[in-house]
Amino acid sequence: MESNVSDFILFIGRFHPLIVHLPIGFLCFAFMLELVGHYKKQPAMTSAIPLALLTGAISAAVACILGFMLSKSGDYEADVLNVHFWFGIATTGITFLAWLIRSEKINISKFEKGKHHISSLALIVVLLSVTGHYGGNLTHGDGYLTKYAPFGKKPIKELPQISKLEDAIVYDYLVNPILQNRCVSCHNNSKKKGGLSFQDTIAIQNGGKNGAAFVAGNAAKSEMIRRVLLDEHHEDVMPPEGKTPLTEEEVEIMKYWINNANADFSIKVGSVKTSEAIRSIASNMLKIEGVVEKSVETLPILSKINDEILNEVIASGFKVRELVFESNLYEIVLPTSTITEDNKDELDAKLLKLLKIKEHIFWLSLGDNSLNDSHLEVISQFKNLRKLNLYKNQITDSGVMALLDNESITSLNLYQTNVTKKSLDLFSKMKNLKRVYLWGTDIHKNDLSPYLSKEHFPEIVL
């Protein structure tokens, strides 16, 4: 349900995951001291136990209060939340009692012997474990702590093997694996961030606090698509910072399910209009060979880059990753918003650094970094460049024209740029260009009609 508590309460409550580790450490430390002191006959080891119990009890009480505040967000399943909360209260209460006994604030004759102290601390550790188990379920979904345990595993329902892409149910084989890998850790039946769960088809159709998760037939108006396409620094972007974002291919599969498959949970690929681009992505996901005819590309043979030069590129703010071991071919990424209006003069110098390794750049991502058409004149010199991401930049048709001389580019991402249908003629002249992403531009499906019969026209993704 929608939370009616103040933002300040929720702000304070979000410190619960930080504070909750303190009692775990203090109380486990007290248990270890008790064991060592008892079995090694070293009474001095047990002198710190009352302090450990007191600090553990106090920090546990604070964690309970913060957890209660956090629970008011309404993002958690009530039954699991209640069990977690009351186990936390029980752990705190018993810890305070153990401290009172151990520090002799109260005297109970039955607790004079060491074995009873061990038993009480063992009980506290068990309570901690159970509380943590339910806390893990709330945060990461049911069975999080025991998912990889070598015992008591529930049989996993596996999808039947298929040999033809047409036999794959779009949701089961393509969409659901993406949701499970990217979304379910925060959107499950125990932890419903935004009131939304992707754990099963019923939950997805129920939507969340902001309404429906998708609009069948219209990915552009579907909240689950809008959120993943937001700027990575936007407060509403999904997945949130720290989580692995969806790849372009995963986004395209999601859009394909909503637009082409009309968000149907049972329809098969064979019953849906499917482009060659989507068939290629899907066949790779399912490891189905021969769905799309592929040519084996011979990679260029390049010498190793001087470490000093590579370090200069990294120091300039680029992320560098070798795509194939000892291939000397690299993916170069400039994190989004590295360049803004305030420091846009730095971009020219950064791109000049890349000229030193221009033959080694295979994939290049410069999305949302205040690029304009003049910068593409430098990029056009990267003669082994295959994949170029320029989304959310001030790129126009003139910028695309600057890339005509580069015959190596096979994939071009121009999401939310200023290109128009004039660029369609330019795309047809780029003979090795196979795919162009144009969502959020002034180019629409009806603009493509004159080009669909052209032999070398690339796949356009809108």
Side-chain angles (χ1 to χ4, degrees), residues 215 217-234 236-237 245-256 258-260 273 275-278 281 333-334 336-337 339-341 344 347 363-377 379-380 385-404 406 409-430 432-452 454 456-462:
V215 178
N218 195 332
K221 291 185 178 180
S222 296
E223 191 71 4
M224 62 191 295
I225 299 298
R226 185 187 74 83
R227 293 292 186 100
V228 300
L229 294 176
L230 290 172
D231 182 270
E232 66 174 335
H233 301 296
H234 196 287
D236 291 332
V237 68
L246 274 69
T247 64
E248 291 176 10
E249 289 78 9
E250 288 172 333
V251 174
E252 290 308 318
I253 289 293
M254 301 292 289
K255 290 168 64 177
Y256 161 72
I258 293 173
N259 285 335
N260 297 46
K273 182 179 180 182
S275 68
E276 288 302 308
I278 294 297
I281 295 170
V333 177
L334 186 63
T336 60
S337 300
I339 302 297
T340 64
E341 286 298 314
K344 61 182 180 181
L347 183 56
W363 294 355
L364 178 63
S365 181
L366 301 170
D368 195 11
N369 272 299
S370 300
L371 269 75
N372 57 44
D373 295 337
S374 64
H375 297 120
L376 300 192
E377 295 177 5
I379 295 171
S380 67
L385 182 62
R386 299 296 192 271
K387 183 178 179 180
L388 177 60
N389 289 341
L390 299 170
Y391 57 88
K392 291 186 179 180
N393 282 307
Q394 301 301 311
I395 305 299
T396 70
D397 302 320
S398 297
V400 176
M401 186 173 295
L403 298 174
L404 281 181
N406 189 311
I409 297 175
T410 61
S411 175
L412 185 58
N413 188 333
L414 294 168
Y415 275 171
Q416 297 185 32
T417 60
N418 297 325
V419 297
T420 70
K421 60 182 180 181
K422 292 180 181 178
S423 285
L424 296 175
D425 282 327
L426 302 175
F427 297 149
S428 65
K429 296 176 182 178
M430 300 173 72
N432 288 315
L433 187 62
K434 297 178 181 178
R435 189 178 305 160
V436 186
Y437 298 91
L438 294 171
W439 181 85
T441 67
D442 195 40
I443 299 176
H444 306 286
K445 286 185 177 180
N446 56 350
D447 296 325
L448 303 179
S449 299
Y451 300 90
L452 297 180
K454 287 183 175 289
H456 297 298
F457 195 67
E459 177 74 25
I460 303 295
V461 181
L462 293 171

*Report yes if some heavy atom in the side chain of Leu424 is under 4.5 Å from a heavy atom in the side chain of Phe457; otherwise report no.*
yes
*asked:* So, using side-chain hydrogen bond (donor to acceptor under 3.5 Å, both in side chains) as the criterion, who are the partners of Ser275 when residues are at least two apart?
replied: Glu459
*Could you go step by step and tell me if Val251 and Trp439 meet the side chain to side chain contact (heavy atoms under 4.5 Å, CB included) rule?*
CA-CA 11 Å; Val251 174; Trp439 181 85; over 6 Å; no
*Any side-chain heavy-atom pair from Ile278 and Asn260 closer than 4.5 angstrom?*
no
_Asn369 side chain vs Gly367 backbone, donor-acceptor pair below 3.5 Å_ = yes
*If you measure from CE on Met401 to CG on Leu376, what distance do you get to the nearest 0.5 Å?*
12.0 Å
_Test item: Thr410 side-chain N/O and Arg386 main-chain N/O as donor-acceptor pair under 3.5 Å_ = yes
*Give, for atom CG of Leu334 and atom CG of Leu366, the distance between the pair rounded to the nearest 0.5 Å.*
6.0 Å
*Compare every heavy atom of Asp442 with every heavy atom of Asp447, then report the nearest pair and how far apart it is.*
OD2-O, 3.9 Å
*Taking atom CD1 of Ile225 and atom CD1 of Ile258, what is their separation to the nearest 0.5 Å?*
4.0 Å
*Do you know the tightest heavy-atom contact between Ala402 and Ser380?*
O-CB, 3.2 Å
*Quick one: list whatever passes side-chain contact (heavy atoms from CB on, under 4.5 Å) with Lys344, sequence neighbours left out.*
Ile339, Glu341
_Value rounded to 0.5 Å, distance of CG in Asp368 from OG in Ser337_ = 4.0 Å
_Leu403 vs Leu412 side-chain heavy atoms within contact, under 4.5 Å_ = yes
*Say whether, by atom type as modelled, one donor and one acceptor occur between the side chain of Ser428 and the main chain of Asp425 under 3.5 angstrom.*
yes
*How long is the span from the OG atom in Ser365 to the CG atom in Leu388, to the nearest 0.5 Å?*
8.5 Å
*asked:* Restricting to non-hydrogen atoms, name the atom on Leu390 and the atom on Leu371 that form the minimum distance, rounded to 0.1 Å.
replied: CD2-CD2, 3.8 Å
_Can you list everything that forms a side-chain contact (heavy atoms from CB on, under 4.5 Å) with Asn372? Sequence neighbours excluded, please._
Ser374, His375
*Could you note down all residue pairs passing side-chain hydrogen bond (donor to acceptor under 3.5 Å, both in side chains) where residues 412-423 supplies at least one of them, sequence neighbours left out?*
Glu248-Asn413, Glu252-Tyr415, Gln394-Asn418, Asp397-Thr420, Asp397-Ser423
*Applying side-chain hydrogen bond (donor to acceptor under 3.5 Å, both in side chains), name anything that partners Asn259, two or more places apart in sequence or on another chain.*
none
_Shortest non-hydrogen contact from Pro458 toward Leu433_ = CB-O, 3.3 Å
*Output all residues satisfying side-chain hydrogen bond (donor to acceptor under 3.5 Å, both in side chains) with Tyr437, sequence neighbours left out; order by chain, then residue number.*
Arg435
*Under the side-chain hydrogen bond (donor to acceptor under 3.5 Å, both in side chains) test, residues paired with Asp373 that sit two or more places apart*: Thr396
*In Å, rounded to the nearest 0.5 Å, how long is the span from CD of Glu250 to CD1 of Ile253?*
9.0 Å
*Kindly indicate, with the supporting measurements, whether the criterion side chain to side chain contact (heavy atoms under 4.5 Å, CB included) is fulfilled by Ile460 and Tyr451.*
CA-CA 10 Å; Ile460 303 295; Tyr451 300 90; over 6 Å; no
_side-chain hydrogen bond (donor to acceptor under 3.5 Å, both in side chains) contacts in which one or both residues fall within residues 217-230, not counting sequence neighbours_ = Glu223-Arg226, Glu223-Arg227
